[in-house]
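Report on one structure; see the data block that follows.
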Amino acid sequence: MKLKLFVPGRICLFGEHSDWAGGHRRTNAELEKGYTLITSTNQGVYAEVQPHPTNLILKTTLSDGTRHGPYTLPMEPAALLAEAEKGSFFSYAAGVAYQILTNYRVQGLEIDNYLTDLPVKKGLSSSAAICVLVARAFNRIYDLKMTTRGEMEYAYQGEIKTPSRCGRMDQGCAYQHPILMSFDGENIEVKEFNVPTNLYMVIIDLGAGKDTRLILKQLNHCYPFAENELQKNVQYYLGPLSKKITDLAHDALRQGDAEAVGKLMTRAQQEFDKHLIPACPSQLTAPVLHKVLNYEPIQPYIWGGKGVGSQGDGSAQFIVKDEESQGRVIEIIERDLQMSCLKLVIEASRHVRKAVIPAAGFGTRLFPASKAIKKELFPIIDSAGRAKPAIMAIVEEAVNAGIEEVCLIVQNRDIDLFESFFKTRPRIEHYNKLSKENKAYCDYLVELGSRISLVTQDVQEGFGHAVYCTRDWVGNEPFLLMLGDHLYGSDEPDSCAKQVLDAYERVGHSVVGLKETPIEELSNFGCVTGVWQEDASMLSVTEFYEKPDPEYAREHLHVDGMDADSFLTVFGIYVIEPQIFGFLEQNIEHNFRERGEFQLTSCLDELRKTDGFSGYVVKGRRFDIGLPEEYRQTVIGFGNV
């Protein structure tokens, strides 16, 4: 088993020094919590990783292209800890491996860091990226079922085994999109968020130097209790003032308001200079930084800028007006000041435009009715009292949630059946018998049909195979997946599909809708477990398991905080990243079947390992039409939601 991994660096947009400052609340609860906004860089460390039976082996490539290693250590606690404490480059990997080995039964690991395009010692957390890489490699090779937060924590615990004195925000590079972090003594919270439009930045290596240890030493002298005006100023800036600016910046980023973010950067730098330079003037006066921030030729192209990391003459960051301005700023700085620059794009979350609904099954459990009519066309009564086929209610759920295009997976012989319903008006003699209201409804039905494409699955090879049939239609986009034999009724103003789509917008990776289910019903559903991100609402998924028996569920799938015999099962609505098709293709090419078919659940678990997966507990009910008794209950209950 060999995997390719990428871990980016991270840049602190707002709230530098707030991680350790908030940590002082352990001894002075009057201090404000620390708050910081960070985002991943477009540069980072790339590696191929594979298991090794006995050793930790690291081959690495520095940002200048030079290769080092292989470094080899036995996977033994004493050897790993001794190497970690030396403070060499290999120490970071050894420290993380030591922490993993202390808590998990694992063998060794071979890591080939074949490319690094992230500059070192420029406030971009290059050492933290290596630590996260090692934690992620162990997690995915040995399926340790860590969340991203878990990888971040092990990376931090591993790095502090070395002489490095990293901050608590550094390992936030584990998240590959913007996050808001808060620091309250030992407690840390992480909130992921997305931006609606691309935001363009330039990071500049000032080519000077700073003494980070001296900066931290002088600023820490101001904690935990302020003894004079200078120390009060430091605590004020790193506490209430930094929180205020960071909160405003968080709002501006979520709105995609680059101009507001730029103005807040400029304000943050001005306040930093006013309150913190007196605490460490030799390092924080930073003449090179301020020369670049105020360099006249770039002003027409930027919204604002500030220092990076601990500040001083290390690096500068600018938010620019657009992609063209990004290029102009880099051209001017490199030409006039001979400083190297990095592009950074905070990328907008991708809007989900497409939905996939399988409708190719025979409906064996509804025989002989399914011999006469497709189960997806079984009639139901909606809340307005209108009779319609079940598949229409599912399509409406998707479209009303904002979906633009819908793909129905059907058998080739059923194409005419679905096209006749969705794309053809009744024969004129029947149309003329309709009321004025129903004639208008015919127009609505044809308009709905204009959004629908049909893809065929001629051989029923399982749910995973059905989804794979839509690969070309979906393309390289995230998509909404809904079951063709499930209807949904929301307990909230937003529909069930809209709730899951909104959850995807918040976390920026695949999401599965979930429902609390008693243990006696688990054999009918796919089940998940994980760690709560938001209590009883959002879950970091650590395992998918298809239709578990009670014994397995009790031992492996229980979620903290839930009743002993209550579990989280798949609700029937997903938003899935297009990488799922690679895992499905692999199973199909290698004829890897489960219960005789190509299933989706195991591929969802592979996607979880590589890209992360969240679960959202839907506030609503699911109605099944796949079994006679459930269909009867659906006919009775669906119209009442």
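Residue numbers start at 1 and run along the sequence shown.
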Nearest heavy atoms of [X] and [Y], plus distance in Å:
{"X": "A390", "Y": "I380", "answer": "CA-CG1, 4.0 Å"}
{"X": "V528", "Y": "V541", "answer": "CB-CG1, 4.2 Å"}
{"X": "E397", "Y": "S495", "answer": "OE2-CB, 3.5 Å"}
{"X": "G530", "Y": "L539", "answer": "C-CD1, 3.6 Å"}
{"X": "S126", "Y": "L118", "answer": "CA-CD2, 3.6 Å"}
{"X": "E110", "Y": "K59", "answer": "OE2-NZ, 4.3 Å"}

[Y] backbone acceptor or donor facing [X] side chain under 3.5 Å:
{"X": "D117", "Y": "G44", "answer": "yes"}
{"X": "K343", "Y": "N42", "answer": "no"}
{"X": "T634", "Y": "F638", "answer": "no"}
{"X": "N113", "Y": "T61", "answer": "yes"}
{"X": "N55", "Y": "I57", "answer": "no"}
{"X": "D624", "Y": "E630", "answer": "no"}
{"X": "D458", "Y": "N412", "answer": "yes"}
{"X": "Y142", "Y": "G108", "answer": "yes"}
{"X": "Q499", "Y": "K619", "answer": "yes"}
{"X": "N139", "Y": "K145", "answer": "yes"}

Find out whether [X] and [Y] are in side-chain contact, i.e. whether some heavy atom of one side chain is under 4.5 Å from a heavy atom of the other.
{"X": "L253", "Y": "P178", "result": "no"}
{"X": "V356", "Y": "W473", "result": "yes"}
{"X": "N103", "Y": "Y154", "result": "yes"}
{"X": "F422", "Y": "L445", "result": "yes"}
{"X": "L604", "Y": "I580", "result": "yes"}
{"X": "M392", "Y": "L448", "result": "yes"}
{"X": "Y114", "Y": "K4", "result": "yes"}
{"X": "D170", "Y": "R10", "result": "yes"}

Determine, stepwise, if the pair E606 / Q586 fulfils side chain to side chain contact (heavy atoms under 4.5 Å, CB included).
CA-CA 11 Å; E606 291 302 314; Q586 198 171 39; over 6 Å; no

Taking NZ, NE, NH1 and NH2 as the nitrogens, is one of them in [X] or [Y] under 4.0 Å from a carboxylate oxygen of the other?
{"X": "K354", "Y": "E477", "value": "yes"}
{"X": "K498", "Y": "D502", "value": "yes"}
{"X": "R593", "Y": "E461", "value": "yes"}

For the pair E516 and V617, evaluate side chain to side chain contact (heavy atoms under 4.5 Å, CB included) and give the outcome as yes or no after the intermediate values.
CA-CA 8 Å; E516 188 170 343; V617 181; 5.7 Å; no

Kindly compute the distance separating [atom1] ([X]) from [atom2] ([Y]), expressed to the nearest 0.5 Å.
{"X": "W532", "Y": "M538", "atom1": "CH2", "atom2": "CE", "result": "10.5 Å"}
{"X": "R471", "Y": "I588", "atom1": "CZ", "atom2": "CD1", "result": "9.0 Å"}
{"X": "I452", "Y": "L408", "atom1": "CD1", "atom2": "CG", "result": "5.0 Å"}
{"X": "Q176", "Y": "S40", "atom1": "CD", "atom2": "OG", "result": "6.0 Å"}
{"X": "I111", "Y": "H52", "atom1": "CD1", "atom2": "NE2", "result": "12.5 Å"}
{"X": "M201", "Y": "I11", "atom1": "CE", "atom2": "CD1", "result": "5.0 Å"}

Which of parallel (below 30°), tilted (30 to 60°) and perpendicular (above 60°) describes Y552 and Y545?
parallel

According to the interplanar angle, ranging from 0 to 90°, do the rings of H558 and F567 count as parallel (below 30°), tilted (30 to 60°) or perpendicular (above 60°)?
perpendicular

Can you check ring pair (Phe, Tyr, Trp, His ring centres under 6.0 Å) on F378 and Y631, steps first, answer last?
CA-CA 9 Å; F378 276 25; Y631 175 60; 5.2 Å; yes

F525 and side chain to side chain contact (heavy atoms under 4.5 Å, CB included): which partner among R622, K547, E546, K515?
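With F525 as partner, R622, K547, E546, K515 yield a single side chain to side chain contact (heavy atoms under 4.5 Å, CB included), made by R622.
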
[X], [atom1]: over 12 other non-hydrogen atoms inside 6.0 angstrom:
{"X": "K191", "atom1": "NZ", "answer": "no"}
{"X": "R67", "atom1": "CZ", "answer": "yes"}
{"X": "E597", "atom1": "CD", "answer": "yes"}
{"X": "R595", "atom1": "CZ", "answer": "yes"}
{"X": "Q460", "atom1": "CD", "answer": "yes"}

When the aromatic ring centroids of F613 and F544 are compared, is their separation below 6.0 Å?
yes

Would you please indicate if the ring centroids of Y468 and F598 are separated by under 6.0 Å?
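Between Y468 and F598, the centre distance exceeds or equals 6.0 Å.
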
Will you find, in the side chains of [X] and [Y], an N or O donor that is under 3.5 Å from an N or O acceptor?
{"X": "S540", "Y": "Q533", "answer": "yes"}
{"X": "Q99", "Y": "Y156", "answer": "no"}
{"X": "S602", "Y": "E594", "answer": "yes"}
{"X": "E192", "Y": "H177", "answer": "yes"}

Evaluate the side chain to side chain contact (heavy atoms under 4.5 Å, CB included) criterion for residues F583 and T610: first the C-alpha distance (whole Å), next the side-chain angles of each, then the deciding distance (0.1 Å), finally the verdict.
CA-CA 11 Å; F583 298 113; T610 60; 3.7 Å; yes

Could you walk me through whether R140 and L5 pass side chain to side chain contact (heavy atoms under 4.5 Å, CB included), step by step?
CA-CA 10 Å; R140 296 187 180 174; L5 299 179; 3.6 Å; yes

